[in-house]
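Each ligand, and each atom within it, is numbered from 1 in the order the structure gives. Heavy atoms only: backbone and side chains are in, while hydrogens, waters and symmetry mates are out. Everything numeric in this text was worked out from a predicted model, so none of it was measured.
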Amino acid sequence: MTSGKRSRLVVLISGSGSNLQAFIDATKSNQLNADIVGVLSNKAGVLGLERAQNAGIPTEVLNHKAFADRASFDAELAERVASYQPDLVILAGFMRILTPEFVNRFAGHIMNIHPSLLPKYPGLHTHQRAIDAGDRKAGATVHFVTCDLDGGPAIIQAEVPILNGDTADTLASRILIQEHQIYPLAAQWYCEGKLRLQNGVPHLNDEALPDTGFPFSTAFTEQ
Ligand code: GRF
């Protein structure tokens, strides 16, 4: 997708959708030159669906429990996602492990955000794990999705301090503020044609990104 034309995004959620809200806000303010053409959730009744409906975005619920297995759920999910003809698929708190068939169908066009400084703490309970380890900093990473869970190549990473007395909840809130900045920014780079996955390595303006992605602290000044 080149600059000028608005890209088509599909967002997959399972929960509160605060990252989805950041995308909705960024598209409305034109910080993100894209339209969210569909939001799919594997859970009914979640706040993220309400956020999408309030913004006039078509929503669908695809309950994974109604499928015999992961493969059949993912096959149907892939069909539904593809029906929107997205330029980019955004995983925003989508709490399902995706099959290689799904990932490969959208390879290079699918991103996730993970609440840790990857490669540290893939998987769940990232905030508590960082606190328990005595880490002094934590953060979030946007990455391209590969078949390696939370292991795809990093695009951008934001750090926050871990403060004395932090709980998983206070740390998560501090990190979410950063998530809402870096995720739409990564998508905008992609939509502008500045960001591409080349031979498995994310390139920004034709330069390979470092293993931990673009460090967000300098992203503001480089824009
Ligand atoms: C975020 O912490 C994100 O990093 C993780 O799931 C959470 C989703 O939060 N993948 P929300 O639904 O966007 O509020």
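- Screening residues 7-58 for ring-ring contact (aromatic ring centres under 6.0 Å, His included) gives Phe23-Tyr183 as the qualifying pairs, with residues at least two apart or on separate chains.
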Write 'none' if nothing qualifies; otherwise put on separate lines each N/O atom of ligand 1 with a protein N/O atom under 3.5 Å away and their distance to 0.1 Å.
unit_1   : atom_1 : unit_2 : atom_2 : d
ligand 1 : 2 (O)  : Glu179 : OE1    : 3.4
ligand 1 : 2 (O)  : Glu179 : OE2    : 3.1
ligand 1 : 4 (O)  : Glu179 : OE1    : 2.8
ligand 1 : 4 (O)  : Glu179 : OE2    : 3.2
ligand 1 : 10 (N) : Ile113 : O      : 2.9
ligand 1 : 12 (O) : Gly17  : N      : 2.8
ligand 1 : 13 (O) : Ser18  : N      : 3.2
ligand 1 : 13 (O) : Asn19  : N      : 2.8
ligand 1 : 13 (O) : Asn19  : ND2    : 3.0
ligand 1 : 14 (O) : Ser16  : OG     : 2.7
ligand 1 : 14 (O) : Ser18  : N      : 2.8
ligand 1 : 14 (O) : Ser18  : OG     : 2.6

Return all side-chain donor-acceptor pairs below 3.5 angstrom for residues 42-50, not counting sequence neighbours, or 'none' if the list is empty.
unit_1 : atom_1 : unit_2 : atom_2 : d
Asn42  : OD1    : Ser14  : OG     : 2.7
Asn42  : ND2    : His64  : ND1    : 3.1

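- Using cut-offs of 30° and 60° for the angle between ring planes, the Phe214 and Trp189 rings count as perpendicular.
- In the displayed structure, Gln85 atom CD is contacted under 6.0 Å by at most 12 heavy atoms of other residues, nucleotides or ligands.
- For the residue pair His109 / Tyr190, a side-chain donor-acceptor distance below 3.5 Å is found, with atom types taken as modelled.
- Checked against salt bridge (charged side-chain N to carboxylate O under 4.0 Å, His left out), Glu79 has the following partners two or more places apart in sequence or in another chain: Arg105.
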